[in-house]
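Let me give you the structure first, and then I'll get to my questions.
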Amino acid sequence: MTATWHAGAVTDQRRRIRLLVPGDDGYLVATEHGRLPARDLTLEDGESTLTAMRRLLPAIGLPGHALDVVLDQRRDDDLDGATRQALIVLEPQPVDWSLPPGWSWGPSADLADLPEALAAVATGRLDELAGRRPVPAQRAAWLRPGWYDEVVAWIDDVLRSSGRPAADEVVPIRQWGISTVLRADTPAGRVWFKAAFPGFRQEAAITEWLHRVSPGSVPPVLAADRDRGWLLLDDLGDRTEAADEPATRAAIDELVTVQRLTVDRLDELRDLGAPDRRLGRLVGDLVEALDTTVAREILGDPHPPSMVEALTEAIAHVDGVLPDVLVHGDFHPGNIAPRVRGATVFDWSDAAISSPFVDIPTWTWWYPDDDDRVELVWSCFEAAWDREHDLRPGTIDRRAALTAAGAYHTVSYLRILERLEPLARHEHADGVTHFYELVRRGCRDGRDES
């Protein structure tokens with residue numbers, strides 16, 4: 001797809017890798033002096049921890065690929081100069097495999113030197129191996145043995161049927177609870193594979209539809225398996241993160257162009273699986289999402305009744321100002337590939353039917369302390385819609401719009417967490433707290449103004 005899908009390429013390039021290597025008997029695990037084997041790794045430019053593992057595993061004689069990569073998510077300040085650690089879970093290896101010197105097979109491992117979050121994941125995986133707990137039903141398909149080989153075969157079948165040569169190599173680039181991305185290099189060029197978890201499976205059908213009705217606005221789709229939520233996409237080059245003013249304007253213009261195309265085609269999108277999340281449903285959706293164990297674990301006490309009243313008022317100020325459309329749901333600079341004229345918008349996992357402005361705060365989240373950038377996003381958005389809807393200054397109540405959008409995305413993140421296995425929920429918990437704060441702040445400010 002683009003370089004953005006090398007997610008995980010960051011400034012702290014050192015990793016302390018801890019390997020969880022199960023035996024194929026479903027019980028033993030490889031240890032090094034009683035602990036999970038450890039290796040140091042330096043990421044090269046553009047690499048993620050996952051892609052760097054492609055160099056590490058052969059170097060220590062490990063066949064196969066990483067099933068799961070869990071990174072210590074603590075802030076740099078909390079690490080206090082220590083190398084960031086990652087837990088790597090591998091495919092089961094035969095117990096007659098030639099272990100590296102100092103390694104042995106054992107029924108357990110000492111996890112005392114692991115960071116708390118990684119130790120929790122490792123404990124869970126060891127308990128599964130020992131039969132002390134079942135594998136969670138929500139575990140993503142790509143985190144299960146055998147899935148990678150199935151995908152490689154599908155990619156080769158698609159390439160062959162389209163007259164393209166088979167892939168020389170299929171490299172996992174990013175994987176987490178909600179999706180995974182693989183890069184396939186062929187003699188005829190690079191293609192990209194993406195799979196989404198069941199909550200986002202409609203992305204394949206929606207992206208394929210958008211490719212047909214608005215070519216260039218989304219990545220070229222080579223194949224889509226709607227039942228499994230799989231996509232094979234043509235390459236777009238390496239230019240990403242449209243952050244300067246011209247690129248921001250082009251990205252928002254492209255998004256609004258797509259949104260306007262969908263105004264009269266919402267029934268088609270519903271048939272493709274796009275969730276109907278119009279603002280008239282939002283208060284009920286938020287109340288339901290907050291009344292869950294996951295929400296209480298992250299946010300504490302349930303919402304006060306005054307918040308419901310204030311949110312209802314905020315929605316009344318903005319509902320119907322613009323028509324309902326297909327919204328992207330995760331619109332930000334990292335999901336944009338600039339082109340000579342315009343931009344290509346990818347990663348439509350969170351697409352749904354709602355009000356256009358819910359796509360604004362996911363972009364501005366990237367610039368929390370940059371008022372000029374935030375103003376740029378709003379002005380570009382309003383200018384793009386003004387061409388058709390005559391938006392005079394003040395037509396959109398920005399405070400009310402952000403309050404409603406914050407509620408919308410709070411619901412999105414809480415629904416994601418509900419569908420993820422418990423040990424993967426930390427990946428998206430910050431989205432809940434960020435967008436719920438938009439709701440609280442907007443409701444409080446709205447009450448102050450009144």
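Quick caveat, the model's predicted, so the values are computed rather than measured.
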Inset, instruction - Decide ring-ring contact (aromatic ring centres under 6.0 Å, His included) for His332 and Trp363; before the verdict, give the C-alpha distance in whole Å, the side-chain angles of both, and the deciding distance to 0.1 Å. - result: CA-CA 4 Å; His332 60 68; Trp363 188 291; 7.8 Å; no
Inset, instruction - Taking all heavy atoms of Phe197 and all of Gly177, pick out the closest pair and write down the distance. - result: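 Taking Phe197 first and Gly177 second, the nearest heavy atoms are CB-O, 3.6 Å.
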Inset, instruction - Verify, without hydrogens or angle tests, whether His328 (side chain) and Val345 (backbone) share a donor-acceptor contact under 3.5 angstrom. - result: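 Not at all, since once roles are kept as given, no pair shorter than 3.5 Å links the two residues.
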Legend entry - Side-chain donor or acceptor of Thr292 paired with backbone N/O of Ala295 under 3.5 Å: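 Yes, Thr292 side chain to Ala295 backbone: donor-acceptor pair under 3.5 Å.
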Legend entry - Any donor-acceptor pair under 3.5 Å from Arg425 side chain to Leu420 backbone: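 Yes, Arg425 side chain to Leu420 backbone: donor-acceptor pair under 3.5 Å.
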Legend entry - Main-chain N/O of Arg265 paired to Thr262 side chain as donor or acceptor, under 3.5 Å: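 Absent.
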Inset, instruction - Decide side-chain hydrogen bond (donor to acceptor under 3.5 Å, both in side chains) for Trp365 and His434; before the verdict, give the C-alpha distance in whole Å, the side-chain angles of both, and the deciding distance to 0.1 Å. - result: CA-CA 9 Å; Trp365 190 11; His434 173 80; 3.1 Å; yes
Inset, instruction - Please work out which of the three classes, parallel, tilted or perpendicular, describes the rings of Phe435 and His409, given edges at 30° and 60°. - result: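 Because their plane-to-plane angle lies in the 30° to 60° range, the rings of His409 and Phe435 count as tilted.
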Inset, instruction - Evaluate the side-chain proximity of Trp385 to Ile396: yes if any heavy-atom separation is below 4.5 Å, no if none is. - result: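 Side-chain contact under 4.5 Å: no.
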Inset, instruction - Report yes if some heavy atom in the side chain of Met53 is under 4.5 Å from a heavy atom in the side chain of Leu19; otherwise report no. - result: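 They are in contact (side-chain heavy atoms under 4.5 Å apart), so the answer is yes.
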Inset, instruction - Answer yes or no: is there a donor N or O on one side and an acceptor on the other, between the side chain of Thr403 and the main chain of Arg399, under 3.5 Å? - result: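 Side chain of Thr403 to backbone of Arg399, a donor-acceptor pair under 3.5 Å: yes, one is there.
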Inset, instruction - Could you give me the CA-CA distance, side-chain angles and deciding distance for Ser349 and Lys194, then say whether side-chain hydrogen bond (donor to acceptor under 3.5 Å, both in side chains) is met? - result: CA-CA 10 Å; Ser349 299; Lys194 183 179 182 184; 2.8 Å; yes
Inset, instruction - Please say whether more than 12 non-hydrogen atoms of neighbouring residues, nucleotides or ligands are located less than 6.0 Å from CD in Glu288. - result: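 No, CD of Glu288 has 12 or fewer neighbouring heavy atoms, counting only those of other groups under 6.0 Å.
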Inset, instruction - Give a yes or no on whether the backbone of Cys380 and the side-chain of Glu382 come within a donor-acceptor separation of less than 3.5 Å. - result: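 Between the backbone of Cys380 and the side chain of Glu382 there is no qualifying donor-acceptor contact (under 3.5 Å).
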Legend entry - Polar side-chain atom of Thr207 near backbone of Glu203 as donor-acceptor pair, under 3.5 Å: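 Between the backbone of Glu203 and the side chain of Thr207 there is a qualifying donor-acceptor contact (under 3.5 Å).
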Inset, instruction - Keeping the roles fixed (side chain from Arg84, backbone from Asp72), state whether a donor-acceptor pair exists under 3.5 Å. - result: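 At least one qualifying donor-acceptor pair exists.
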Legend entry - Side chain proximity check, Glu254 to Thr344, heavy atoms < 4.5 angstrom: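 Glu254 vs Thr344: side chains apart.
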Inset, instruction - Would you indicate whether the side-chain heavy atoms of Gln13 and Glu44 approach each other to under 4.5 Å? - result: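 Glu44 vs Gln13: side chains apart.
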Inset, instruction - Mind listing the closest non-hydrogen atom pair of Thr42 and Arg55 along with its distance? - result: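 Reported closest heavy-atom pair: O-NH2, 3.1 Å.
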Inset, instruction - Would you check if Asp113 and Arg35 make a side-chain contact, meaning some heavy-atom pair closer than 4.5 Å? - result: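 SC-SC contact between Asp113 and Arg35 confirmed.
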Legend entry - Backbone N/O of Val170 and side chain of Tyr148: donor-acceptor pair under 3.5 Å: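 Answer holds: yes.
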Inset, instruction - Using the side-chain hydrogen bond (donor to acceptor under 3.5 Å, both in side chains) rule, take Thr83 and Arg14 through it: C-alpha gap first, then chi angles, then the decisive distance, then the call. - result: CA-CA 6 Å; Thr83 299; Arg14 295 175 299 127; 2.6 Å; yes
Inset, instruction - Over all heavy atoms of both residues, which pair between Leu36 and Ala30 is shortest? Give the atoms and the distance, please. - result: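 Closest approach of Leu36 to Ala30, heavy atoms only: CD2-O, 4.3 Å.
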Inset, instruction - Assign the ring pair Trp147 / Trp142 to parallel, tilted or perpendicular, where the plane angle (0 to 90°) is split at 30° and 60°. - result: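 Perpendicular.
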Inset, instruction - Assess Arg174 against Trp176: is NZ or CZ under 6.0 Å from the centre of the six-membered ring, and within 45 degrees of the ring's axis? - result: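 Because its charged atom sits under 6.0 Å from the ring centre and within 45° of the axis, Arg174 does stack over Trp176.
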Legend entry - Partner of Arg277 under side-chain hydrogen bond (donor to acceptor under 3.5 Å, both in side chains), chosen from Ser354, Ser355, Ser412: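 One option only clears the test, and that one is Ser412.
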Inset, instruction - Check for a donor-acceptor pair, side chain of Arg133 on one end and backbone N or O of Asp127 on the other, with a separation under 3.5 Å. - result: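 No: the side chain of Arg133 does not pair with the backbone of Asp127.
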Inset, instruction - State which residue, out of Asp359, Thr362, Asp330, fulfils the side-chain contact (heavy atoms from CB on, under 4.5 Å) condition with Asp350. - result: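 With Asp350 as partner, side-chain contact (heavy atoms from CB on, under 4.5 Å) holds for just one option, Asp330.
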Inset, instruction - Go through the steps to decide whether Asp227 and Arg201 satisfy the test salt bridge (Lys or Arg N to Asp or Glu O under 4.0 Å), and finish with yes or no. - result: CA-CA 8 Å; Asp227 291 335; Arg201 192 159 287 167; over 6 Å; no
Legend entry - Side-chain heavy atoms of Arg39 within contact of Ile60, under 4.5 Å: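 Yes, their side chains come closer than 4.5 Å.
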Legend entry - Residues, nucleotides or ligands: over 12 heavy atoms within 6.0 Å of Asp40 CG: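 Yes, because the 6.0 Å sphere around CG of Asp40 holds more than 12 heavy atoms from other groups.
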Legend entry - Arg249 side chain near Pro246 side chain, heavy-atom distance below 4.5 Å: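 Not in contact.
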Legend entry - Verdict with supporting geometry, Leu182 and Ile173, side-chain contact (heavy atoms from CB on, under 4.5 Å): CA-CA 5 Å; Leu182 288 75; Ile173 299 299; 5.8 Å; no
